[in-house]
Asks: 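First the structure, which I've put down as structure tokens, then a few questions once you've had a look.
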There are 4 protein chains.
Amino acid sequence: MSHDPLAAYPDSMREEIARVRRVVADLHAELPRYELVVWTAGNVSQRVRHPEVADGSADVLVIKPSGVSYEDLTPEAMVVCTLDGELIEGTRAPSSDTAAHAYTYQHMPEVGGVVHTHSTYATAWAARGEEIPCVLTMMADEFGGPIPVGPFAIIGDDSIGRGIVETLSTSRSPAVLMQNHGPFTIGRDARAAVKAAVMCEEVARTVHVCRQLGDPLPIGQRHIDSLYDRYQNVYGQK
Amino acid sequence: MSHDPLAAYPDSMREEIARVRRVVADLHAELPRYELVVWTAGNVSQRVRHPEVADGSADVLVIKPSGVSYEDLTPEAMVVCTLDGELIEGTRAPSSDTAAHAYTYQHMPEVGGVVHTHSTYATAWAARGEEIPCVLTMMADEFGGPIPVGPFAIIGDDSIGRGIVETLSTSRSPAVLMQNHGPFTIGRDARAAVKAAVMCEEVARTVHVCRQLGDPLPIGQRHIDSLYDRYQNVYGQK
Amino acid sequence: MSHDPLAAYPDSMREEIARVRRVVADLHAELPRYELVVWTAGNVSQRVRHPEVADGSADVLVIKPSGVSYEDLTPEAMVVCTLDGELIEGTRAPSSDTAAHAYTYQHMPEVGGVVHTHSTYATAWAARGEEIPCVLTMMADEFGGPIPVGPFAIIGDDSIGRGIVETLSTSRSPAVLMQNHGPFTIGRDARAAVKAAVMCEEVARTVHVCRQLGDPLPIGQRHIDSLYDRYQNVYGQK
Amino acid sequence: MSHDPLAAYPDSMREEIARVRRVVADLHAELPRYELVVWTAGNVSQRVRHPEVADGSADVLVIKPSGVSYEDLTPEAMVVCTLDGELIEGTRAPSSDTAAHAYTYQHMPEVGGVVHTHSTYATAWAARGEEIPCVLTMMADEFGGPIPVGPFAIIGDDSIGRGIVETLSTSRSPAVLMQNHGPFTIGRDARAAVKAAVMCEEVARTVHVCRQLGDPLPIGQRHIDSLYDRYQNVYGQK
């Protein structure tokens with residue numbers, strides 16, 4: 001009856017989009033739960049790969065709509081966009097940060113999930129334009145070094161996306177603090193990017209608290225390398 | 001049987017008052033949820049316009065009663081007052097801040113909602129009498145510049161209301177930090193004023209945390225203007 | 001069948017004790033809710049007056065047992081003690097702070113409720129032995145001036161109780177910060193003392209946050225007096 | 001039918017292991033509840049003593065699996081390991097901190113429970129390599145003195161376990177802050193170790209907040225001794 005906006009995509013991809021709508025909707029609930037967002041701020045997206053177009057140009061992303069309360073973020077409310085940021089399925093306008101997510105997927109083919117928040121401590125480092133030094137073993141595990149600062153960029157063109165990609169391409173960190181703005185995090189899927197957002201705020205807070213009463217003790221680079229290597233390769237369930 | 005205290009108002013206005021009682025009762029639950037208030041502090045009101053008296057002089061406001069627990073704030077518990085602050089419907093005394101809300105509605109005809117809290121970080125800036133500088137993109141979005149400080153004023157006459165109106169009339173910010181007291185916020189309706197109260201505390205906290213370890217990087221005025229303009233006109237659902 | 005330990009008290013007093021067991025059990029739930037306590041720390045008590053012994057010497061107090069989890073604090077779990085701190089009803093040992101509560105009731109006949117916590121910010125001021133200056137209108141309302149510091153005293157004799165009574169007898173504040181220890185608060189009943197404990201932590205936190213970035217602006221004594229007088233006499237429902 | 005990996009252990013020990021699986025699973029829920037952990041960080045273990053091998057060499061420990069969400073930590077998900085850290089029952093890899101727990105049980109026979117977190121304030125002290133001074137009566141009660149710092153050590157050999165044991169063997173404190181890493185706590189069982197982890201973060205936060213605005217007043221050693229002695233011997237229910 002009604003026109004199916006995803007008719008041009010293979011069946012397996014349409015099923016995957018339906019599954020990812022649920023995944024992305026559920027993951028949005030983690031942001032207020034970990035107190036990373038207030039009101040309607042923040043957003044999570046996941047890439048769905050086109051099974052027949054290997055260069056990624058036909059991939060899509062699933063993201064939350066703009067300005068909608070966290071309680072109303074059901075799977076049906078999510079919207080689907082091309083990697084040019086064009087809305088292809090959904091009744092609402094996509095998040096105003098969609099262009100930054102899309103640019104990241106376009107230029108970082110290994111990235112499957114992107115998260116953006118204004119979490120308090122990470123945003124405070126971003127407002128000073130100061131990277132978070134790697135002085136905690138859990139930070140070495142997860143970030144493999146400092147969490148870097150990206151350039152000042154405002155919404156409206158590619159500059160936020162470019163800032164994210166340029167900063168993360170030269171860092172082991174899955175998180176970048178966009179100056180005066182807040183953190184963006186990436187991962188192999190949306191869940192990994194949410195984890196990076198949670199850990200980013202956690203280390204931003206802990207190093208902040210540490211620094212309030214003095215200087216943290218540094219961790220040697222070979223220890224950072226060793227912790228990062230183990231955590232990326234051994235930690236968790238196989 | 002019993003005298004209806006709203007008998008003098010048109011039917012459509014009485015229906016709107018009933019609806020707004022529910023809206024205002026529900027919005028009060030957002031204040032403890034976002035940890036903006038403790039015990040019985042804080043209050044939310046919304047204006048109901050008289051459909052036949054264009055100058056606003058017959059408008060009323062719906063507000064919470066004084067000194068009542070947040071759990072007991074049902075729609076029935078709300079009280080209705082004239083813009084002179086006189087109780088016209090309700091079995092309890094109106095909030096002790098009613099005069100400040102009423103004064104704001106009287107003198108700012110575009111305002112449809114007012115919120116007052118003692119939220120921690122905003123009140124801390126207020127106790128130093130220091131405006132919050134606009135150093136976050138989310139702050140440029142929502143407030144269009146610094147959050148200003150209003151004069152020291154105590155309850156008992158028009159001075160709180162006058163301080164709110166004089167400060168907000170010369171600012172793009174929907175929030176004012178009344179000195180040694182706490183924030184008042186306004187909006188086109190109570191929901192917008194609650195959002196401004198939530199965002200006010202969020203930016204008060206983030207800029208505070210930033211400043212604890214150094215100076216924030218400024219955002220240029222033309223960037224602030226551009227962010228504010230976009231957010232007020234483009235963000236959210238149409 | 002079993003001996004009733006309250007057999008010597010008038011019926012009306014026994015009924016009141018049963019009612020106060022519920023009140024005190026319910027009020028304990030407010031302490032973790034407002035994050036004033038962790039684990040089994042903190043305690044709330046209420047006095048039950050003997051209707052026939054006017055000098056208060058036959059009054060009793062209802063308090064929580066020692067070292068019991070907040071989830072297990074049912075009305076039945078509460079214990080009843082004389083104002084000499086002797087257990088008269090209950091199967092568990094009374095809170096280890098019972099002597100301090102009892103001493104306060106003995107020496108301040110107008111006090112009907114006592115609360116003790118180790119809430120973070122109030123305890124931090126107590127550890128510096130520094131009173132909290134009255135720089136917020138909500139503090140003038142509730143405390144009528146600074147929140148004073150009591151002497152260093154340790155458990156085992158009357159010294160905590162004496163420190164509370166001596167400090168509060170010469171202050172309008174219903175809260176005292178016992179040095180290196182934490183706040184004790186009083187009220188006409190346990191609910192009022194819990195409210196004072198909640199407000200004490202709130203102002204301790206807000207003034208702390210204010211002071212982190214500079215000095216608060218003072219409030220003149222006549223304004224403090226005026227706010228205190230209004231709040232104690234006008235605020236809330238009659 | 002299927003091989004029982006615990007077949008070599010006495011029946012009473014197998015029953016105790018089943019019971020401890022529930023205890024340890026339930027106690028893990030306390031860590032996010034008290035905001036000591038985010039995501040999958042942190043772990044709780046309890047020793048189960050072999051009833052027939054007095055030297056402890058046949059004891060086992062029950063601990064959480066590696067990298068599993070707190071919501072999924074059912075009794076069945078827990079894993080059982082020897083004190084050499086070898087997995088003997090469970091379908092998932094044990095926590096990556098199992099070696100440190102096992103080393104502690106091997107070398108501190110009186111210890112029945114171990115907890116590890118990255119709780120914010122305790123970890124901040126650890127990142128400066130600074131012990132927490134004993135300036136609160138609740139700290140004297142629970143820790144009997146300062147909370148000491150352990151050496152910098154990274155995962156992969158015995159060095160974390162050795163650092164824990166060497167530091168705690170010469171202290172009354174049941175908590176050690178491992179440098180740049182976070183707190184480990186011990187107790188006669190897992191519940192006591194969880195309590196120590198909760199109290200460790202509480203005093204780390206309170207003393208931090210105190211120090212932000214000045215120096216805490218010291219507590220004399222004889223008062224610390226007296227408080228510690230009373231609390232360890234008198235507090236709580238017999």
Side-chain angles (χ1 to χ4, degrees), chain B residues 32 35-42 65-72 77 79 90-97 116-130 132 149 151-157 159-160 177-182 201 204-205 207-213 215, chain C residues 26-27 29-30 33-36 119-121 132-142 187 191-220 222-238:
Chain B
E35 304 192 335
L36 305 184
V37 294
V38 296
W39 212 252
T40 66
S66 180
V68 173
S69 291
Y70 274 84
E71 300 91 277
D72 298 332
V79 298
T91 55
R92 310 193 197 201
S95 164
S96 57
D97 295 304
H116 172 47
T117 78
H118 299 151
S119 64
T120 304
Y121 287 84
T123 301
W125 289 90
R128 286 194 308 275
E130 191 178 351
I132 308 175
V149 175
F152 180 80
I154 69 173
I155 225 161
D157 58 18
S159 59
I160 295 179
L177 309 174
M178 293 301 286
Q179 186 187 313
N180 295 105
H181 185 170
E201 180 64 4
R205 178 170 42 230
V207 180
H208 176 91
V209 169
C210 172
R211 280 268 305 273
Q212 288 186 304
L213 297 183
D215 284 326
Chain C
D26 288 352
L27 285 168
E30 301 289 307
R33 183 181 162 203
Y34 281 108
E35 305 192 335
L36 305 185
S119 64
T120 304
Y121 288 84
I132 309 175
C134 184
V135 295
L136 304 171
T137 57
M138 68 168 148
M139 197 174 166
D141 287 345
E142 183 77 25
R191 184 171 180 80
V194 170
K195 182 187 178 189
V198 170
M199 296 306 295
C200 176
E201 180 64 6
E202 181 74 356
V203 303
R205 177 169 43 230
T206 304
V207 180
H208 176 91
V209 169
C210 171
R211 279 267 306 271
Q212 288 187 304
L213 297 181
D215 285 325
L217 299 169
I219 302 181
R222 71 189 170 90
H223 291 309
I224 291 174
D225 292 345
S226 155
L227 285 164
Y228 182 69
D229 182 59
R230 184 200 65 86
Y231 193 76
Q232 300 303 319
N233 294 301
V234 180
Y235 184 75
Q237 304 297 326
K238 290 302 155 81

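Order of the sequence lines sets the chain letters (A, B, ...), proteins ahead of strands, with each chain counted from 1. Because only heavy atoms are used, hydrogens play no part in the values below, and waters and symmetry mates are left out as well, while side chains stay in.
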Asks: Atom NE2 of C:His223 and atom CD1 of B:Ile154: how far apart are they, to the nearest 0.5 Å?
Replies: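 These two atoms lie 5.5 Å from each other.
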
Asks: Is any side-chain N of the basic residue among B:Glu71 and C:Arg33 closer than 4.0 Å to the acidic one's carboxylate O?
Replies: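 Salt bridge: yes.
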
Asks: With a 4.5 angstrom heavy-atom cut-off, is it the side chain or the backbone of C:Met139 that approaches chain B, or both, or neither?
Replies: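 Contact with chain B: none, neither part.
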
Asks: CD1/B:Ile160 to OG1/C:Thr137 distance, rounded to the nearest 0.5 angstrom?
Replies: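 Answer rounded to 0.5 Å: 7.5 Å.
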
Asks: What residue in B:Ala127, B:Gly129, B:Ser119 has the most heavy-atom pairs under 4.5 Å with chain C?
Replies: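 Heavy-atom pair counts peak at B:Ala127.
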
Asks: Who wins among B:Pro32, B:Ala124, B:Gly182, B:Ala126 for the most heavy-atom pairs under 4.5 Å with chain C?
Replies: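 Most heavy-atom pairs within the cutoff with chain C belong to B:Ala124.
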
Asks: Which heavy atom in C:Tyr34 sits nearest to a heavy atom in B:Trp39, and how many Å separate them?
Replies: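 In this case the closest contact between C:Tyr34 and B:Trp39 is OH-N, 3.1 Å.
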
Asks: Between CD of C:Glu30 and OG of B:Ser69, what distance do you get to the nearest 0.5 Å?
Replies: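 Interatomic distance, C:Glu30 CD to B:Ser69 OG, rounded to 0.5 Å: 7.5 Å.
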
Asks: Measuring heavy-atom distances to chain B, does C:Glu201 have an atom under 4.5 Å in its side chain, in its backbone, in both, or in neither?
Replies: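 Looking at C:Glu201, nothing touches chain B.
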
Asks: Among the options C:Val135, C:Val207, C:Val209, C:Val198, pick out the one with the most heavy-atom pairs lying under 4.5 Å from chain B.
Replies: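 It is C:Val209.
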
Asks: side-chain contact (heavy atoms from CB on, under 4.5 Å) for B:His118 and C:Thr206? Distances and angles first, verdict last.
Replies: CA-CA 9 Å; B:His118 299 151; C:Thr206 304; over 6 Å; no

Asks: Look up atom OG1 in B:Thr123 and atom CE in C:Met138, then write down how far apart they are to the nearest 0.5 Å.
Replies: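 Output value for this atom pair is 5.0 Å.
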
Asks: With respect to chain B, which residue among C:Arg211, C:Met199, C:Gln212 yields the maximal number of heavy-atom pairs within a distance under 4.5 Å?
Replies: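 Ranked by contacts with chain B, first place is C:Gln212.
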
Asks: Which heavy atom of B:Arg128 sits nearest to which heavy atom of C:Asp215, and what is that distance?
Replies: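 Looks like CG-O, 3.7 Å.
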
Asks: What verdict does the side-chain contact (heavy atoms from CB on, under 4.5 Å) test give for C:Ile219 and B:Phe152, after you've listed the backbone C-alpha separation in whole Å, the side-chain angles of each residue and the deciding distance to 0.1 Å?
Replies: CA-CA 9 Å; C:Ile219 302 181; B:Phe152 180 80; 3.7 Å; yes

